[in-house]
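Reminder, nothing fancy here: chain letters follow the sequence lines and each chain counts from 1.
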Amino acid sequence: MTPAPAPIADRYDPVAVEARWYPEWERRNYFRADPASPKPAYCIVIPPPNVTGSLHVGHALDNTLQDILIRTKRMDGFNTLWVPGTDHASIAVHVILERQLEAEGKTRHDLGREAFLERAWAWKEESGGTIIRQLKRLGASCDWSRLRFTMDEGLSRAVREAFVRLYDEGLIYRDDYIVNWCPRCQTVLADLEVEREERDAEFVYIKYGPLTLGTVRPETKLGDTGLAVHPNDPRYAQYVGRTLEIPSVDGTVSVRVVADEAVDPEFGTGVIKVTPGHDPVDFEIGRRHNLPIRTVIGFDGKMTAAAGRYAGLDRFETRRRIVADMQALGLVERIEPYRHAVGLCYRCKTVVEPLVSKQWYVNVKPLAEVALAAAHDGRITITPAGWTKTYDQWMEGIRPWCISRQLWWGHRIPAWYCDRDGSVHVSRTDLSACPQCGGILRQDPDVLDTWFSSGLWPFSTLGWPDETAELRTYYPTSVLVTGFDIIFFWVARMAMLGLHLTKQEPFRDVYLHALVRDAEGQKMSKSRGNVVDPLALMTKYGTDAFRFTLAAVAAQGRDIRISDERVEGYRNFANKLWNAARLVLSNLDGYDPAGDTGPAGLPGRWIHSRLQSTIASVREGLDAYRFNDAAGAIYHFLWNDFCDWYLEIAKGSLYRAGSPGERNRVQHTLVTVLETTLRLLHPFMPFITEEVWQRLPHEGESIMVASYPRPVAAAVAPDAEREMAVLVQAITAVRNIRGEMRITPGAMLDVLLRPAPEHGDVLHAHRSLVEALARCRLTLDPRASRPPGSALAIVGPSELYVMLGGVVDFAGERLRLDKEIRRASEQIAFLEAKLGRPDFVERAPADVVAKERERLDEQRRLLAKLQASRASIAEGRG
RNA sequence: GGACGAUUAGCUCAGUUGGCAGAGCGCUGGCCUCACAUGCCAGAGGUCACUGGUUCAAGUCCAGUAUCGUCCACCA
């Protein structure tokens, strides 16, 4: 008993549908993972978005792809877990909060550490939920009961565990070294956190006694403790080893001249000044030659007392002043314009100052060797494979990782210092008294690099260092999905820390996707004002359309462009699906699933066969992370095969069924094909598929937990595909003539068809199908010849004549034939030349040659017919 | 300085193992045909950046050039 179908709107309205299903799925616990499940595990740990952020298109892409994988695997019988979470984003939060404070005329130091952290937590609580809500809006099927935060209790314990272990192994150590200092953030930065930007500068040639050298940073002259030349440079060999007394802006300074390989004799004058306190290269040279360090620029970016009369001045102001002062003293030989790269803080874009200070480091070299091996012996597979080389090169050239930051928001370094005996203690638990002397301890005030805790993310979220059921079941995780921009920051660190601490790879696959650009290919940024708001797109076109767009454009290149037009196109696709479903649903009256569901005739067998290859393509695409291939296969099948052909054919059987059995068989095909397609599409478009699926006859309570389609070999029907191709060709041929001859679609045409023997059966059997879709009366006659007043079409070896009568003049037909004749002639010339070459005939595989011969014969037959036809028209018999 | 990517239809881009160049949008012509005008039918439009090479056969493989882009790098 089918209830009278409620009227369904002819436009799909995503808003109501999306609002209805997500809470329902959540309520039914479909997202919840069970570590005790016997099913094979499939696990993704989300790249944690910054807690203060809101969803941008990059997140939307990243999480849509993950959701597609998770939903597919869940339907495919895997025990799936998608762990969600957020990152505390130490330095990024500092930048935001300090800007707020600045507006109030304060600094973080005015507030003090405690109050600042209160503020940070408040900010986290306030805005931390935003991105989670937005991920839900996107349809992300994360296990929200396992939501983690990099600074929650468990993860903080993991951070300490990792730190202590690495320290005990001697892999974490403190060192006085030259670092990248951000004078605005008031913290050290890792090399990776320094961005380079080309800027115009002045290259100032300064006289150093008998020598002259060029520099772009004259202010560091005050910190010079040496000069260096190349060991093999004959020009300066006489000075090496000598200490020169050099007149300068503040009296004379004495500098020693050393020889060092780091100096390029070709560049500038071949002499460099050595400022070990303010330049990484000079620092190294200084170490090699035992030159003293003189710090003249402080952590605040201003000159120190050591800078004499410049003390307290800003470093850039000093640069201008010192050049002027030297010019006054005749110490400047000349100034040239110069363009070079300056280092900027990746968070606040302030020019970084190299400074010497004591910081914590990880000796990552040994970890990198293991991570490198894992990517080569197949334990970790990077897709697209081209990124492996980038990963390799970085790992090979890796340098110690500076992990301490002079910030407050983050994981405080678990090291305590005893002021009484000077001992250092690194501990898993907080210490209050010195274990050696009982003296009062001071905890290191610094926090860890944000990326240290993110580096533990795949296993810290699963309960490490405890041996939890989650770790046993879901670790190593199946795949890491992220943008290629954080391959070094994050992917490499996780690989190194994961392999070292857990002795297992943190993920088996790494899928690096492209980055989203705007429609003009520009990087999106707030300052450019070209940020595409995913929420706006979802509101305008629906979440399903947006998600499908992301999957469809996720080709394996470097960048992705999103435009409204593209999303609109897939909105139309969703609407197409909706209407196809409407057609099916409104024709199910009397349908008996237990009734006649036998073979549904040629079109039925054909659409089932097409469905199988679509399923296979989608699975192949997903397995290879070729989301665009998978999406494209479904799109093409649903729109072109199912809607454009099968539904049009099925209408005939539904509206004018030959027999009740036929009607039921067609209904059965419609239901099964549509239902299967919905399941295939569900991971891409979760909402509309659930909505339609629920209205169709189905088994189970939700499409989310239905099975993912597998290709059925028995349903693959090459013969049906071949035969349908003949019918499609015949129909298209008639439509083509109708179009070219400008015959109104409403006009009923008379068509005479001379079937070739091999086409006879199929054309006879499906005459009415051709008649319906080509809107014609079809006569079949194996001995027919072209009647006067008809247009010719070639259907493979068969011929088809469309009777034009007095409907149109024949000029159009002449043009059409001429065009066809030209085309055929060109083909023949090309093929004759090819087949005339002995090397081709002898060397190419036999099947390729045979195919070309066949094509040539076909084209010759075609040409003969076209020419005959053309001749008869030329005689004016049209 | 090194590495990597891109260059294919008017636009945005697919094209995995070499074997008849594809999609979406846009364009042209015709249609409100009882699922859908967010639609239907038909059509036009490509020297696959350039130069060589390998091959019977190159958008695809190799070498190089040009232009654009990205990342890495201690030439001050």
OP1 or OP2 of B/U38 sitting under 4.0 Å from any side-chain N/O of A/R11?
-> yes

Any A/Y338 side-chain N or O less than 4.0 Å from OP1/OP2 of B/A76 = yes

Taking for each residue the nucleotide of RNA chain B with the nearest heavy atom, is it A/A262 or A/R735 whose nucleotide lies nearer the 5' end?
-> A/R735

Examine A/Y635 together with A/W639 and report whether their ring centres are nearer than 6.0 Å.
-> yes

Hey, which sits more toward the 5' end of RNA chain B by its nearest nucleotide, A/A580 or A/N736?
-> A/A580

From B/A76, B/G19, B/G39, pick the nucleotide closest to the side chain of A/K576?
-> B/G39

Kindly say if A/K389 contacts the phosphate of B/A3, meaning a side-chain N or O under 4.0 Å from OP1 or OP2.
-> no

Give the nucleotide from the list B/A73, B/A42, B/G24 with an atom nearest to the side chain of A/R399.
-> B/A73

Can we call the ring centroids of A/Y570 and A/F684 under 6.0 Å apart?
-> no

What nucleic acid atoms does A/P845 come within less than 4.0 Å of, heavy atoms only: base, sugar-phosphate, or nothing?
-> base

Side chain to side chain, A/R288 and A/V258, heavy atoms closer than 4.5 Å | no

Between B/C36, B/A76, B/C20, which nucleotide gets closest to the side-chain atoms of A/R582?
-> B/C36

Quick one: is B/C4 close enough that its OP1 or OP2 comes under 4.0 Å of any side-chain N or O from A/W394?
-> no

Checking B/C74, B/G24, B/G5 against the side chain of A/V281 (C-beta onward), the nearest is B/C74

A/C643 side-chain proximity, nearest of B/A14, B/A76, B/A35 = B/A35

Spacing of A/L512 atom CG and A/T390 atom OG1 [to the nearest 0.5 Å] | 9.0 Å

Output yes when A/D279 and A/R217 qualify as a salt bridge under the 4.0 Å nitrogen-oxygen rule, no when they do not.
-> no

Donor-acceptor pair present, A/Q393 side chain and B/A73 base, under 3.5 Å | no

Less than 3.5 Å between a donor and an acceptor, one on the side chain of A/K273 and one on the base of B/A76, is that the case here?
-> no

Among the nucleotides B/G39, B/A35, B/A44, which one has an atom lying closest to any side-chain atom of A/N572?
-> B/G39

Answer yes or no: side-chain N or O of A/R571 and base N or O of B/U38 forming a donor-acceptor pair under 3.5 Å.
-> yes

What nucleotide among B/U38, B/G43, B/C13 has an atom nearest to a side-chain atom of A/D559?
-> B/C13

